[in-house]
Undergrad: 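I'd like to ask some things about the structure below.
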Amino acid sequence: MLFEKTPATLDEIRTRVYYALQRHPLCRNVQFEIVHTPRSRKGANWTISMHSVEPDALWEASDIVADIQEAYQLAA
């Protein structure tokens, strides 16, 4: 079942990603930036570029980001 994505501003998405990463002990040092992209077939119009991800945190951080990407779209 497909769910409608919740519109959010860039700042709201940044805040949600930050706090989600902070909740996981391995992901607390992950640095990231949100990048606005053209709308895709899936409706995505933003992505996250992660920096300084330790190898042990890569899968967890990727899962956290993917969950947030599925839930939010950048508000017009």
Side-chain angles (χ1 to χ4, degrees):
M1 175 186 271
L2 293 175
F3 294 99
E4 184 92 14
K5 292 184 176 190
T6 303
T9 66
L10 209 52
D11 286 336
E12 289 171 331
I13 293 170
R14 186 177 295 111
T15 300
R16 293 176 198 287
V17 171
Y18 173 79
Y19 284 114
L21 291 171
Q22 292 302 303
R23 283 192 294 270
H24 195 289
L26 293 176
C27 299
R28 290 185 181 142
N29 294 324
V30 173
Q31 296 176 7
F32 67 93
E33 66 179 293
I34 298 176
V35 180
H36 186 272
T37 62
R39 187 170 301 279
S40 71
R41 287 178 285 155
K42 292 181 178 181
N45 59 353
W46 60 278
T47 191
I48 293 180
S49 175
M50 291 188 287
H51 313 279
S52 304
V53 182
E54 303 216 3
D56 292 344
L58 184 58
W59 289 109
E60 289 80 5
S62 295
D63 285 345
I64 290 168
V65 167
D67 288 345
I68 294 172
Q69 284 178 311
E70 288 178 15
Y72 297 96
Q73 71 180 9
L74 194 57

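In what follows, residues are counted from 1 in the order of the sequence shown.
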Undergrad: Provide the closest heavy-atom pair for Ile48 versus Val17 in the form atom of the first, atom of the second, distance.
TA: CD1-CG2, 3.3 Å

Undergrad: Might you confirm whether atom CG of Asn29 has over 12 heavy atoms from other residues, nucleotides or ligands at distances under 6.0 Å?
TA: no

Undergrad: Which atoms form the tightest heavy-atom contact between Ser49 and Val35, and what is the distance?
TA: CB-CG2, 4.3 Å

Undergrad: State, yes or no, whether a side-chain contact exists between Gln69 and Lys5 at a heavy-atom distance under 4.5 Å.
TA: no

Undergrad: If you look only at pairs with a residue in residues 8-30, which of them pass as a salt bridge (Lys or Arg N to Asp or Glu O under 4.0 Å), with sequence neighbours excluded?
TA: Asp11-Arg14

Undergrad: For residues Ile13 and Ala8, report the shortest heavy-atom separation together with the two atoms involved.
TA: CG1-CB, 3.7 Å

Undergrad: Which atoms form the tightest heavy-atom contact between Ala75 and Thr9, and what is the distance?
TA: CB-N, 4.4 Å

Undergrad: Please lay out, stage by stage, how Val30 and Ser52 fare under the test side-chain contact (heavy atoms from CB on, under 4.5 Å).
TA: CA-CA 6 Å; Val30 173; Ser52 304; over 6 Å; no

Undergrad: Kindly work out whether a path of hydrophobic side-chain contacts (I/L/V/M/F/W/Y, heavy atoms less than 4.5 Å apart) joins Trp59 to Met50.
TA: no

Undergrad: Test of understanding: clusters of I, L, V, M, F, W, Y form through side-chain heavy atoms closer than 4.5 Å, transitively. Do Tyr18 and Ile34 belong to the same one?
TA: yes

Undergrad: For the residue pair Trp46 and Leu74, what are the closest heavy atoms and their distance?
TA: CD1-N, 3.7 Å

Undergrad: Is it true that Ile68 and Leu26 fall in one hydrophobic cluster, defined by side-chain heavy atoms closer than 4.5 Å?
TA: no

Undergrad: Please say yes or no: joined through hydrophobic side-chain contacts below 4.5 Å, possibly via intermediate residues, are Tyr72 and Leu10 part of one cluster?
TA: yes

